[in-house]
Participant: 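There's a structure below that I have some questions on.
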Amino acid sequence: MKRIVTKVGDVFEVDVEGNCKQYLQHIANDVTQMSSNVIRVFKSKYPPNSDFDIEAVVNDEVEFYAHCITKWGVRDGVWRKTGSSENIGSGHVSVFFRDSGDVGNIQIKISQKWWVWKINEEQRFVGALEGVLRESEIGIVLQPRHIVDRMTTGTYHFVYPGV
């Protein structure tokens, strides 16, 4: 089996909704979250046979950010590497990620035990999420199929406490 290597800047194509494609890019490795890959998922969807213009893709509006292992998406056939760009944007430096001390407790619908952080910064306990922190991205390391779920439906399909 061929070894899969992915790196910051790599762009991946994902088949979504059965009739279009969408792109994501590996933009960082977050030591705060087990040195996992951080991706940005772009908003635009393209017809399946459209030409790939990497500059148009990496300059597109970002739909969301997430942590995952990009090579697992390639290995599992969830996405394909289509190119690489040094343009990783700058929006990710201000993105907050969150994780809850209540993960796994199905009795807790709204958590009051939140930790937040920015890429490669220490986590800090904030309790309830307030203000801009309510918009923070879920920071757990996600399986590739969870990324595609959100690309397709706008939400993740796993149990996680609300804010």
Side-chain angles (χ1 to χ4, degrees), residues 1-100 103 116-121 129 132-163:
M1 177 176 245
K2 185 177 177 184
R3 184 171 160 233
I4 299 167
V5 177
T6 63
K7 63 186 182 315
V8 170
D10 287 351
V11 176
F12 304 88
E13 180 181 284
V14 183
D15 294 324
V16 292
E17 300 172 356
N19 61 353
C20 62
K21 58 187 176 182
Q22 198 170 348
Y23 295 92
L24 58 91
Q25 184 183 31
H26 176 179
I27 58 165
N29 296 312
D30 189 358
V31 296
T32 311
Q33 190 60 299
M34 302 180 293
S35 293
S36 62
N37 307 149
V38 178
I39 61 168
R40 60 180 181 164
V41 174
F42 299 103
K43 195 168 200 156
S44 294
K45 295 181 175 159
Y46 301 86
N49 56 358
S50 63
D51 292 334
F52 174 64
D53 178 350
I54 196 164
E55 287 309 310
V57 168
V58 298
N59 286 300
D60 190 16
E61 183 178 349
V62 175
E63 186 170 358
F64 65 92
Y65 294 90
H67 289 79
C68 69
I69 308 299
T70 54
K71 69 181 180 182
W72 290 357
V74 174
R75 178 198 67 196
D76 296 345
V78 176
W79 48 68
R80 296 167 299 287
K81 182 178 170 186
T82 56
S84 190
S85 173
E86 291 181 11
N87 177 358
I88 59 168
S90 60
H92 62 282
V93 298
S94 61
V95 173
F96 277 99
F97 291 95
R98 62 184 154 106
D99 197 5
S100 171
V103 169
V116 297
W117 73 96
K118 290 182 180 181
I119 297 169
N120 295 322
E121 293 183 8
L129 290 177
V132 298
L133 296 180
R134 294 180 65 80
E135 304 302 317
S136 56
E137 295 281 0
I138 293 176
I140 61 174
V141 181
L142 300 167
Q143 297 175 23
R145 66 182 174 84
H146 291 140
I147 303 294
V148 177
D149 282 347
R150 184 163 173 193
M151 292 170 80
T152 305
T153 68
T155 60
Y156 293 118
H157 297 115
F158 53 82
V159 177
Y160 196 80
V163 299

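Residue numbers run from 1 in the order of the sequence given.
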Participant: Got a second to check how far F12's CZ is from T6's OG1, nearest 0.5 Å?
Facilitator: 5.0 Å

Participant: How long is the span from the NE2 atom in H26 to the CD1 atom in I69, to the nearest 0.5 Å?
Facilitator: 8.5 Å

Participant: Using atom types as modelled and distance alone, determine if a side-chain donor or acceptor of R134 lies under 3.5 Å from a backbone N or O of V163.
Facilitator: yes

Participant: With a 3.5 Å cut-off and sequence neighbours excluded, list the donor-acceptor pairs that the side chains of residues 51-58 form with protein atoms.
Facilitator:
unit_1, atom_1, unit_2, atom_2, d
D53, OD1, E55, N, 3.2
D53, OD1, A56, N, 3.3

Participant: Looking at CD of E121 and CZ of F97, how far apart are the two atoms once the value is rounded to the nearest 0.5 Å?
Facilitator: 11.5 Å

Participant: Just verifying a value: how many Å separate L24 CG and I147 CD1, rounded to the nearest 0.5 Å?
Facilitator: 7.5 Å

Participant: List in chain and number order the residues that pass ring pair (Phe, Tyr, Trp, His ring centres under 6.0 Å) with F158, two or more places apart in sequence or in another chain; answer none if no residue qualifies.
Facilitator: H146, Y156

Participant: Under the side-chain hydrogen bond (donor to acceptor under 3.5 Å, both in side chains) criterion, do D30 and T32 qualify, and how do the steps go?
Facilitator: CA-CA 5 Å; D30 189 358; T32 311; 3.1 Å; yes

Participant: If you compare all heavy atoms of S84 against all heavy atoms of V8, which two are closest, and at what distance to 0.1 Å?
Facilitator: OG-O, 4.4 Å

Participant: For K21, check salt bridge (charged side-chain N to carboxylate O under 4.0 Å, His left out) against everything at least two apart and list the hits.
Facilitator: E13

Participant: Suppose we screen for side chain to side chain donor-acceptor pair (under 3.5 Å). Which residues come up paired with T155, at least two apart in sequence or across chains?
Facilitator: T153

Participant: For V159, what residues pass the side-chain contact (heavy atoms from CB on, under 4.5 Å) criterion, not counting sequence neighbours?
Facilitator: I106

Participant: Y46: what forms a ring pair (Phe, Tyr, Trp, His ring centres under 6.0 Å) with it, not counting sequence neighbours?
Facilitator: Y23

Participant: Where is the tightest heavy-atom contact between A28 and I119, given as atom of each residue plus distance?
Facilitator: CB-CG2, 4.1 Å

Participant: Measure the OG-CD1 distance between S100 and I140 for me, rounded to the nearest 0.5 Å.
Facilitator: 10.5 Å

Participant: What pairs with V78 under side-chain contact (heavy atoms from CB on, under 4.5 Å), at least two apart in sequence or on another chain?
Facilitator: D76, P144, V148

Participant: Can you sort out the partners of E61 under salt bridge (charged side-chain N to carboxylate O under 4.0 Å, His left out), two or more places apart, ordered by chain and number?
Facilitator: K43

Participant: Treating D60 as the side-chain partner and F42 as the backbone partner, does any N or O pair qualify as donor plus acceptor under 3.5 Å?
Facilitator: no

Participant: Residues in side-chain contact (heavy atoms from CB on, under 4.5 Å) with E17, at least two apart?
Facilitator: N19, C20, K45, T152

Participant: Looking at L129 and R98, what are the two nearest heavy atoms and their distance?
Facilitator: CD1-CD, 3.4 Å

Participant: Going by the rule side-chain contact (heavy atoms from CB on, under 4.5 Å), which residues pair with S94 if we only count those two or more places apart in sequence or in a different chain?
Facilitator: none

Participant: About how many Å separate CD1 of I4 and CH2 of W72, when rounded to the nearest 0.5 Å?
Facilitator: 12.0 Å

Participant: What closest approach, in Å, do R40 and N87 show between heavy atoms, and which atom pair accounts for it?
Facilitator: NH2-O, 3.1 Å

Participant: Could you tell me which non-hydrogen atom of I88 sits nearest to which non-hydrogen atom of S85, and how far apart they are?
Facilitator: CG2-O, 4.2 Å

Participant: Within the side chain of Q33, is there an N or O that forms a donor-acceptor pair under 3.5 Å with the backbone of H67?
Facilitator: no

Participant: Can you check whether M151 reaches F64 side chain to side chain, under 4.5 Å on heavy atoms?
Facilitator: yes

Participant: What are the two closest heavy atoms between Y160 and V103, and how far apart are they?
Facilitator: CE1-CG2, 3.4 Å

Participant: Enumerate the residue pairs fulfilling salt bridge (charged side-chain N to carboxylate O under 4.0 Å, His left out) with a member in residues 143-163, sequence neighbours excluded, ordered by first and then second residue.
Facilitator: E137-R150

Participant: For K81, give me all partners under salt bridge (charged side-chain N to carboxylate O under 4.0 Å, His left out), at least two apart in sequence or on another chain.
Facilitator: D10

